[in-house]
Every structure is written in structure tokens, then in C-alpha cells.
Amino acid sequence: MMDPGTSTSAPAAAAAAPAPAAPSAADSPASPAVSQWAFAVSQRYQHLLDRSVPHAQRRWVATLAVACVYLVRVYFVEGFYIVTYALGIYMLNLLIGFLSPQVDPELQELAGGGGGGGGSLPTRGSDEFRPFVRRLPEFKCWLQITWAFVIAFVVTFFSVFDVPVFWPVLLFYWVMLFTLTMRRQIMLMIKYKYVPFTFGKRRYGKRASSTDSASLPRD
């Protein structure tokens, strides 16, 4: 004869058993294909960036063309001045990073004491040539500027970003901000005697070696 205790425990055990988990979206067969496609696109994009590194002049010409397309777009639309103003502020920040050394000379002077902060920066004296290490490298500056123009161009197709403003006021604000910022940057360059460009500096290399080889006695 069947025990009543066991007959009632069987349905309870079946009810307590966990239900099989539903297949998630991550386990779908389309997920690996999407991830592989995204990886291939990112790898191709990085490969193109690596190939464009030595072609600085061509890169900046292409960016200038993108900027011209954006300006023509804004001119014909006659709007999106607030987007252009934000783009100008972003460009100014990139320019300051491009012209600034990697280590802030003011902070280095405070940390080291005295005026030793500017000694590690390249000058126009008779010292040995030392390259200028920028806070924002040239390639990253170019890439961020290019993407900024591309994003701003895409934004001009959405009317929600077309805020009505009086554009001469924005232009005046930007000119004033640019003047004050560049004035401070030039004062720092004069104070700490560094130049953010390599032309005009004394170099040592092939010329010195060729002079030494010419002074050697010949057999």
C-alpha cells in the first residue's frame, strides 16, 4: 500500500525544481556574428589609422576639406551657430593641449622649488636639441579635430540642435576667449623659455658627423 507521505511529496518536489532558463539574447546565434563584424571593423579602422600616421600633410588636407564641407553646410542652412560655437571652443582646448608641454612647468616649478621647471624644456639657446613633448600629440589632435567636424556635420541634420541665437555675439565671445587664452599661453612660453615647434632649433647629427669625417686624414 502506498505511503500517503510519499504521494504528497512528489508534486511538491516537482514544484520546487527550478524551471529551465530561457535562452538569453547573448546566446543567440546572431550575437557571435555581430561581435566578429564589430571586431573586424575596429581592426580595419585601426589599420587605416596606423597607415596614415606618417602622412601628416595629407591628413590635415583631408581634415581641411571636411571643415570646408561643414562650413558650406552651415552657410547654406543659415543656422546651427551654437553648434559652431561649441566646435570652436573644443578646437581652442585642443590647440592649448597641442601647444602645452606634457608636464606643466608651473606645477613642476612648485614641486621642485625654484625655476628648474623650465630647464627640461627646449629653448633657442646653444644647448643640445631636446624634442618638445606635447600634452596632446599631433596625431591625436588631428584625429579629434576630424571627428569633431564629422560629428558637427551630422548634427546639422537634426533641427533640435538649431537653437536660435545672435551669431555676432557668439563670435565676439569666442574671439575674446581665444585672445585671452593665447595671451596666457604666450606668457607661459616666454616665462619658461620653451618653444612648441622644432624649427629654428639647433640640431646635432648628420652635419656634425660629415664634418668630422671630412677632417680625417686620407691615405
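This one's a predicted model, so the numbers in the text were calculated from it and none came from an experiment.
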| task | May I ask you to test the Ser52-Phe139 pair for a side-chain heavy-atom distance under 4.5 Å? | result | yes
| field | Ile186 side chain reached by Ile190 side chain, heavy atoms, under 4.5 Å | value | yes
Indicate every side-chain donor-acceptor pair of residues 147-155 with a distance under 3.5 Å to a residue at least two apart or in another chain.
unit_1, atom_1, unit_2, atom_2, d
Trp147, NE1, Tyr45, OH, 2.9

| query | What do the steps show when you test Gln144 against Tyr90 for side chain to side chain contact (heavy atoms under 4.5 Å, CB included), and what is the final call? | reply | CA-CA 10 Å; Gln144 294 182 19; Tyr90 183 69; 3.2 Å; yes
From [atom1] ([X]) to [atom2] ([Y]), nearest 0.5 Å:
X	Y	atom1	atom2	result
Leu188	Ser100	CG	OG	7.5 Å
His47	Ser42	NE2	OG	13.0 Å
Thr181	Leu92	OG1	CG	4.5 Å
Cys141	Met91	SG	CE	8.5 Å
Leu64	Ile145	CG	CD1	11.0 Å

| message | Please give me the minimum heavy-atom distance between Leu99 and Gln185, naming the atom from each residue. | response | O-NE2, 3.4 Å
| Residue pair Arg51 / Pro54: nearest heavy atoms and the distance that separates them | O-CD, 3.4 Å
| query | Given the rule that I, L, V, M, F, W and Y join up when any side-chain heavy atoms are under 4.5 Å apart, are Val61 and Leu143 in one cluster? | reply | no
| request: Quick one: list whatever passes salt bridge (Lys or Arg N to Asp or Glu O under 4.0 Å) with Arg184, sequence neighbours left out. | output: Glu106
| query | Among pairs that include at least one residue of residues 58-67, which meet salt bridge (Lys or Arg N to Asp or Glu O under 4.0 Å), considering only residues two or more places apart or in two chains? | reply | Arg59-Glu138
| query | Would a distance-only check, ignoring hydrogens and angles, find a side-chain to backbone donor-acceptor pair under 3.5 Å from Arg134 to Pro101? | reply | no
Return all side-chain donor-acceptor pairs below 3.5 angstrom for residues 70-79, not counting sequence neighbours, or 'none' if the list is empty.
unit_1, atom_1, unit_2, atom_2, d
Tyr70, OH, Thr84, OG1, 2.8
Arg73, NE, Thr156, OG1, 3.3
Arg73, NH2, Thr156, O, 3.1

Show me, pair by pair, the donor-acceptor contacts under 3.5 angstrom made by side chains of residues 162-180, not counting sequence neighbours?
unit_1, atom_1, unit_2, atom_2, d
Asp162, OD1, Phe80, N, 2.9
Trp174, NE1, Gly88, O, 3.1
Thr179, OG1, Val175, O, 2.8

| task | Go through the steps for Lys140 and Leu94 under the test side chain to side chain contact (heavy atoms under 4.5 Å, CB included), then give the verdict. | result | CA-CA 9 Å; Lys140 289 186 177 180; Leu94 293 180; over 6 Å; no
| Any residue meeting side chain to side chain donor-acceptor pair (under 3.5 Å) with Thr146, in chain and number order, not counting sequence neighbours | Thr63, Trp142
